[in-house]
Protein chains: 2
Amino acid sequence: MSEIKIPKATAKRLPLYYRYLNFLHDAEKKKVSSTELSEAVKVDSATIRRDFSYFGALGKRGYGYDVNDLLNFFKKTLNQDRLTNVALVGVGNLGHALLNYNFRQTNSIRISAAFDSDPEITGTIQSGVPIYPMAELVQQLKDQQIDITILTVPNPAAQEVTNLLVNAGVRGILNFTSLRLSVPDNVRVQNVDLANELQTLIYFLDHYDAQLKPAENADSVTLDVKTDNK
Amino acid sequence: MSEIKIPKATAKRLPLYYRYLNFLHDAEKKKVSSTELSEAVKVDSATIRRDFSYFGALGKRGYGYDVNDLLNFFKKTLNQDRLTNVALVGVGNLGHALLNYNFRQTNSIRISAAFDSDPEITGTIQSGVPIYPMAELVQQLKDQQIDITILTVPNPAAQEVTNLLVNAGVRGILNFTSLRLSVPDNVRVQNVDLANELQTLIYFLDHYDAQLKPAENADSVTLDVKTDNK
DNA sequence: GATCTCATGTTTGTGAATTAACAATTTAAC
DNA sequence: GTTAAATTGTTAATTCACAAACATGAGATC
C-alpha cells in the first residue's frame with residue numbers, strides 16, 4: 001500500500017471512465033485505446049493517458065489498455081466492490097425522482113433510508129425506500145451506519161436540516177438546494193444547483209460567438225456591456 | 001456597447017451572485033461588501049471583487065456595492081429581464097420533477113413544452129406544461145422559438161433524441177443522461193450527471209484525509225493503491 | 001480639515017489543468 | 001527477421017484560476 005497523489009480534476013473523471021469500461025465489458029471488448037475512450041467520454045486522449053498514468057502503467061505501448069484489467073482496477077479504486085448506503089432528506093418532487101434513480105446499477109450506491117417532515121408520507125415506503133420522520137434521523141443514520149446524505153429539502157429549511165445532519169455525524173452532503181451550506185471543515189458538500197446549470201447554459205449561449213467557431217474548449221466568453229466611458 | 005472577456009469560471013458564478021442579490025434586495029438591504037457576499041456564497045472575497053471588476057467599477061471604495069445597482073446590472077447581463085422558454089424531453093420521474101422545479105421564480109426561465117414517446121401521457125398537461133408526442137417536436141420548437149432543451153430520456157435513447165434536437169435547431173442541451181453526447185460544434189451541452197456527482201463525493205470522502213485537516217480547497221487527493229513493485 | 005478606517009480595484013505570484021509533442025515499446029505484417 | 005504501424009507514458013509549455021497583498025480612494029470621526 002502506497003500513497004499516490006491524484007489531482008482533483010482527474011478524480012472527477014474516474015466515474016466517467018468506469019462507466020464506459022463497464023459498457024465495453026458488456027460488449028465483450030478485450031482492449032481499448034485512449035483515442036477510442038476519448039471519443040466516447042469526450043475527454044482529450046492525452047488527458048486520459050495522463051490520468052491513467054497517475055496510477056502507474058495500466059496499458060501496453062502499441063497495444064492499448066486491457067478492458068478487464070482496467071475495470072478491475074477501477075472497481076477497487078472506486079470501491080465498487082462494496083455497496084454504499086446513503087440517505088435522502090426531503091421527499092418532494094425531486095427527492096422522489098432520486099429515489100427512483102438507478103444509482104445502484106452502475107455505481108453500487110443505494111438509498112437505504114429517506115426522511116421527511118410531512119406526517120402524511122412518513123411511515124410509508126416509496127420505491128422500496130422507507131420514509132422516516134425527521135425525529136428518527138439521528139438514530140437511523142447511526143443504526144444503518146450512513147454518513148452520506150442527499151439533501152433535497154426546500155431552500156428555507158436547508159441550513160437548519162444541514163445542522164441536524166452535521167450533528168448526526170454526516171461526512172458528505174450532495175446538496176440540491178440553491179443555498180451554499182455552512183458546514184465544518186470535516187464535512188464535504190457537493191453542490192448540484194439545477195437552476196444554476198440551466199442559467200449558465202443560457203448565459204454561454206447568449207454570449208458565445210455561436211455562429212462562427214464556438215469551440216467547445218474556449219475558456220472565456222465575450223460579453224456585450226454598456227460602458228460609461230465619458 | 002463594447003466587448004469584455006469574461007473567464008469561464010467567473011461566468012459560472014454569476015447566477016450565484018445574482019440569486020443572493022435578489023435575497024438582499026428582498027430583505028431591503030441597501031449596500032453589501034465583498035466580505036459579506038463571500039460569506040453567503042462561499043467564494044473568496046478577493047475572487048468576488050476580481051469577478052465584479054471584469055465588468056468595470058460597480059462598487060465604491062470604503063463603502064461597498066449598492067445592492068440595487070448590482071442587481072440591475074446582473075439583471076441585464078444575465079438577461080433576467082426577459083423570460084426564456086425551454087423545452088423538456090423525456091417525462092419520466094426526473095423529468096416530472098423538473099417540470100415542478102421552480103426555475104421561474106428566481107431565474108425567469110420557464111419550461112413551456114415537454115415531449116415524450118409514451119402515448120399514455122402525451123396530450124396531457126403536467127404541472128401546467130403540455131406534453132407533446134415526439135413527432136411534434138420540430139414543429140413545436142419552431143413555433144415556440146425554443147432552442148434550449150432539457151434532456152431527461154433514458155440513456156439508450158439519449159444520442160438518438162439528441163440528433164433529433166440538433167436537427168430541430170437546438171443550440172443548448174442540459175443533459176441529465178449519463179452519456180456524453182455527440183453534437184456539432186455549434187451546439188453546447190451542459191452535463192448534469194447525478195450518479196457521477198454522488199460517486200465523486202464518495203470518492204473524495206474515502207480518499208481525503210478526513211480526520212485531520214480536510215481543507216475544502218485541497219486540490220489533490222491521497223489514494224491508497226496496491227503497487228506491484230517486485 | 002486632518003486623520004483614520006474601511007473596502008474596492010488591481011497587480012502579482014503560485015499552483016493546477018490541459019494538451020501538444022515525442023520517445024519508447026509492442027504488435028502485426030510480410 | 002525486419003520493418004511498419006500503433007499507442008502508451010512522459011516532458012514541457014501554455015493557459016487558467018485563485019488568493020494574497022497592496023495601493024487608491026471614499027467617507028466618518030474628532
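Please read all numbers here as calculations on a predicted model, not as lab measurements. Each chain gets a letter, A, B and so on, in the order the sequences are listed, and its residues count up from 1.
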>> How many whole angstroms separate atom CD1 of B/Ile48 from atom P of D/dA19?
In response: 11 Å
> Can B/Arg82 and A/Asp206 be counted as an ion pair, charged N to O under 4.0 angstrom?
Replying inline: yes
>> Tell me the interatomic distance from A/Leu37, atom CG, to D/dT7, atom C1', rounded to whole angstroms.
In response: 13 Å
>> So that I know where these two stand, are A/Phe52 and A/Phe74 an aromatic pair - ring centroids less than 6.0 Å apart?
In response: yes
> Centre of A/Tyr63's six-membered ring, under 6.0 Å away, within 45 degrees of the axis: is that where NZ or CZ of A/Lys31 sits?
Replying inline: yes
> Quick check: does any side chain N or O of B/Ser38 sit under 3.5 Å from a backbone N or O of B/Val43, one acting as donor and the other as acceptor?
Replying inline: yes
> How is A/Ser34 classified with respect to the nucleic acid when contacts are heavy atoms under 4.0 Å: base, sugar-phosphate, or nothing?
Replying inline: sugar-phosphate
Protein N or O to nucleotides 9-13 of chain D N or O, pairs below 3.5 Å:
| unit_1 | atom_1 | unit_2 | atom_2 | d |
| --- | --- | --- | --- | --- |
| D/dG9 | OP1 | A/Leu58 | N | 3.3 |
| D/dG9 | OP1 | A/Gly59 | N | 3.0 |
| D/dG9 | OP1 | A/Gly59 | O | 3.1 |
| D/dG9 | OP2 | A/Tyr65 | OH | 2.9 |
| D/dG9 | O4' | A/Arg61 | NH2 | 2.8 |
| D/dG9 | N7 | A/Arg49 | NE | 3.1 |
| D/dG9 | O6 | A/Arg49 | NH2 | 3.2 |

> Under 4.0 Å between a side-chain N or O of A/Thr47 and OP1 or OP2 of C/dT19?
Replying inline: yes
> Over how many whole Å does the gap from A/Asp51 atom CG to C/dA16 atom C1' extend?
Replying inline: 13 Å
>> Expressed as a whole number of angstroms, how long is the span from B/Asp66:CG to D/dG27:C1'?
In response: 15 Å
> Between B/Lys29 and B/Glu36, is there a side-chain N and carboxylate O pair less than 4.0 Å apart?
Replying inline: yes
>> Measure CD/A/Glu36 against P/D/dT8 and give the value in whole Å, please.
In response: 10 Å
> NZ of B/Lys8 versus C1' of C/dA17: gap in Å, rounded?
Replying inline: 12 Å
> Do the side-chain N and O atoms of B/Asn79 and A/Tyr203 include a donor-acceptor pair separated by under 3.5 angstrom?
Replying inline: no
> Cationic tip of A/Arg50 within the cone over A/Tyr54's six-membered ring, i.e. under 6.0 Å and within 45° of the normal?
Replying inline: yes
> 5'-most contact on DNA chain C: A/Tyr63 or A/Val43, nearest heavy atom basis?
Replying inline: A/Val43
>> Between C1' on C/dA21 and CG on A/Asp44, what's the gap in Å once rounded to a whole number?
In response: 12 Å
>> Report for the helix from C/dG1-D/dC30 to C/dC30-D/dG1: angle between first-end and last-end helix axes, five pairs each, rounded to 10 degrees.
In response: 0°
>> Quick check on side chain to side chain contact (heavy atoms under 4.5 Å, CB included): which of A/Val170, A/Leu137, A/Ile173 does A/Val89 satisfy it with?
In response: A/Leu137
> Base, sugar-phosphate alone, or nothing: which one does B/Ser33 contact when heavy atoms must sit under 4.0 Å apart?
Replying inline: sugar-phosphate
>> Measure NZ/A/Lys31 against P/D/dA6 and give the value in whole Å, please.
In response: 10 Å
> Does B/Asp193 come within less than 4.0 Å of A/Lys42, counting only side-chain N to carboxylate O?
Replying inline: no
